[in-house]
Student: 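Structure provided below as structure tokens; questions to follow.
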Amino acid sequence: MCEYQITGGRPLAGQLTVQGAKNSVLPILAATVLADGESEICNCPDLSDVTATLEILRLLGCKVQREGGTVRVDTSALECSHIPQQLMGELRSSVVFLGALLARCGSAQLAYPGGCELGPRPIDLHLMALRTLGADVREMRGGLYCRNKGTMRGRELCLPMPSVGATENAMLAACGCPGVTTIVGAAREPEIEDLQNFLRAMGAQVEGAGTSTIRIEGGHPLHPARYTVMGDRMAAATYLCAVGAAGGCVQLHGVDPGHLTGFLSVLEEAGADLHTGQNSISMACTTPFNGVRPVRTAPYPGFPTDAQAPLMAALCCGTGTTMFVENMFSSRYRHVDELMRMGADIQVDGRVAVVTGRPLQGARVRGTDLRGSAALVVAALGARGESRVSGVRHILRGYENLDGDLRSLGASIQYI
Ligand code: EPU
């Protein structure tokens, strides 16, 4: 079993360039199938979720080459629109291949997607969006069978909840539908804007991403494109929480502070000294974090659910009390019991968790999802003594080099 061995209590200092955004690159890689030919994706992070997505592309018949942070996907020989269970089960975002394959091939056959265990993760809104565009969607024998029987065309579709994945799926499918699609109630996350920018680079007529109404004029042939993925705001948030837990002074490059406005104001309230540049964030923390006003997770631009666990870990090492309300996923407190093994004071009641900061002690803890495992690393950096954090495979899904990056800032963390 792989673990991180961490000795806490060392302040962090130095500079880092943040990896490319996981939640942008996954739909962007799926979007490469919309055009015939070779697209080049730069700043592509080396993550197990990316590896699984590249495997899916290969299985579909694409030629995929990876050199450092650059991935080339040649879709000229795309010949298949069927993705089996084994690959679909690896990651949740595999579901966006539905929209992309429908647009390119007119059919898609997929098993149900996997991903982190955060409670039930239905895909009803994805299917509703595709059906509204006119796709014939059948759910049979544990699989999804989607076809364009010549009935798909641009229409208005209203999402009752701003689902990130359903918005992306609808955008990709709409690129293949003649006429105008308007997505009302769209998710506004920066990753959706990144996808829009890639689609535009391919020649698609898309506008409105970043607002709750996206307009796509579809049915035009698209061409391959070269695109650089934006920086990962959640990796940046995790490193800032690590500074909050361990103390120190760190500068992050390659991340847009405008993507983290709500999160950064919570860090400031907790006592961090922050300075932002056009594409950089500096943070100094000389005293332990204070408790802050209630943190309620919400769709963008609200407080991001993906930053809930790392922030909770940092506040556990501080002083004062903070209430968290997790509104996005029903089972996103699985890190709490593990934090308590390190001595954290946390009371959970349904969606609410109340955290009172106090010194933590290193312990053996087990991560069970991506951000929860990262949170345990954050807590271990702030705890006295040695910790062993297992669940590293979850971390490798979303962080390119968490231990190496933290070591470069002076942390004592070894991968064993
Ligand atoms: N939902 C439905 N039906 C649907 C789709 C979503 O009820 O058809 C519900 C979900 O159950 C959830 C809420 O809507 O309660 C939000 O889900 P959303 O679809 O927005 O999330 P997602 O697309 O599955 C992406 C990120 C997550 C991130 C969420 C929320 C990717 C690959 N994943 O997931 O990232 O937490 O948006 O911001 O983009 C992570 O990076 O650790 C991670 C889990």
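Computed from a predicted model, the values in this text were never measured in an experiment. Counting convention: from 1, in listed order, for ligands and their atoms alike.
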Student: Which atoms from ligand 1 have a heavy atom of K22 less than 4.0 Å away?
Tutor: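 Taking each heavy atom of K22 in turn, ligand 1 has 40 (C), 41 (O) under 4.0 Å.
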Student: Just say parallel, tilted or perpendicular for the rings of Y239 and Y399, cut-offs at 30° and 60°.
Tutor: perpendicular
Student: Looking at CD of E189 and NE2 of H259, how far apart are the two atoms once the value is rounded to the nearest 0.5 Å?
Tutor: 11.0 Å
Student: With a 4.0 Å cut-off on N to O distance, would you call E191 and R233 a salt bridge?
Tutor: yes
Student: Just which atoms of ligand 1 are under 4.0 Å from any heavy atom in G165?
Tutor: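 Reading through ligand 1 atom by atom, the close ones are 19 (O), 23 (O).
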Student: Taking only heavy atoms of L370 into account, list the atoms of ligand 1 that are under 4.0 Å away from them.
Tutor: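 In order of number, 42 (O).
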Student: Mind jotting down which residue pairs meet the side-chain hydrogen bond (donor to acceptor under 3.5 Å, both in side chains) criterion with at least one end in residues 25-48? Sequence neighbours excluded, please.
Tutor: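 Passing the test, one end in residues 25-48: E40-R72, E40-R226.
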Student: Among V354, V292, D345, exactly one meets side chain to side chain contact (heavy atoms under 4.5 Å, CB included) together with T321. Which residue is that?
Tutor: V354
Student: Would you compute the distance between atom CG of L339 and atom OH of Y333 and round it to the nearest 0.5 angstrom?
Tutor: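 Going from CG on L339 over to OH on Y333, the span is 12.0 Å.
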Student: With atoms numbered from 1 as shown, which atoms in ligand 1 lie under 4.0 angstrom from a non-hydrogen atom of M328?
Tutor: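 Listed by number with element: 12 (C), 15 (O), 16 (C).
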Student: Could you say whether the N/O atoms of R371 and ligand 1 ever approach to under 3.5 Å?
Tutor: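 It does: an N or O of R371 is found under 3.5 Å from an N or O of ligand 1.
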Student: Is a side-chain donor or acceptor of S107 paired with a backbone partner of R147 at a separation under 3.5 angstrom?
Tutor: no
Student: Are any of the heavy atoms in H126 under 4.0 Å away from ligand 1?
Tutor: yes
Student: Considering only heavy atoms of D306, which atoms of ligand 1 have at least one such atom less than 4.0 Å away?
Tutor: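 Atoms satisfying the 4.0 Å criterion: 27 (C), 28 (C), 35 (O), 36 (O), 40 (C), 41 (O), 42 (O), 43 (C), 44 (C).
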Student: What are the atoms of ligand 1, with element, lying closer than 4.0 Å to any heavy atom of S93?
Tutor: 32 (C)
Student: Given that the side chain starts at C-beta and the backbone is N, CA, C, O, which of these parts of E326 lies under 4.0 Å from ligand 1, counting heavy atoms, or is it both or neither?
Tutor: neither
Student: What I want to know is whether L125 and ligand 1 share at least one N or O pair that is separated by under 3.5 angstrom.
Tutor: yes
Student: What's the separation between atom CZ in F324 and atom CG in L311, rounded to the nearest 0.5 Å?
Tutor: 4.0 Å
Student: For atom 26 (C) of ligand 1, which candidate among N23, L127, T297 holds the nearest heavy atom?
Tutor: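 Heavy atom nearest to atom 26 (C) of ligand 1 belongs to N23.
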Student: Return a yes/no value for F329: is any of its N or O atoms, backbone included, closer than 3.5 angstrom to an N or O of ligand 1?
Tutor: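 No, F329 has no N/O under 3.5 Å of an N/O on ligand 1.
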Student: Judging by distance only, is a nitrogen or oxygen of P122 under 3.5 angstrom from one on ligand 1?
Tutor: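 Indeed, backbone or side chain, P122 has an N or O that close.
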Student: One residue to check: T305. Relative to ligand 1, which of side chain, backbone, both or neither has a non-hydrogen atom less than 4.0 Å away?
Tutor: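 Contact part for T305 vs ligand 1: side chain (C-beta onward).
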Student: Tell me, which pairs form a side-chain hydrogen bond (donor to acceptor under 3.5 Å, both in side chains) where one or both residues lie in residues 166-184, sequence neighbours left out?
Tutor: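 Counting only pairs at least two positions apart or across chains, the side-chain hydrogen bond (donor to acceptor under 3.5 Å, both in side chains) contacts touching residues 166-184 are H126-N169.
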Student: Backbone, side chain, both or neither: what part of V164 comes under 4.0 angstrom of ligand 1, heavy atoms only?
Tutor: both
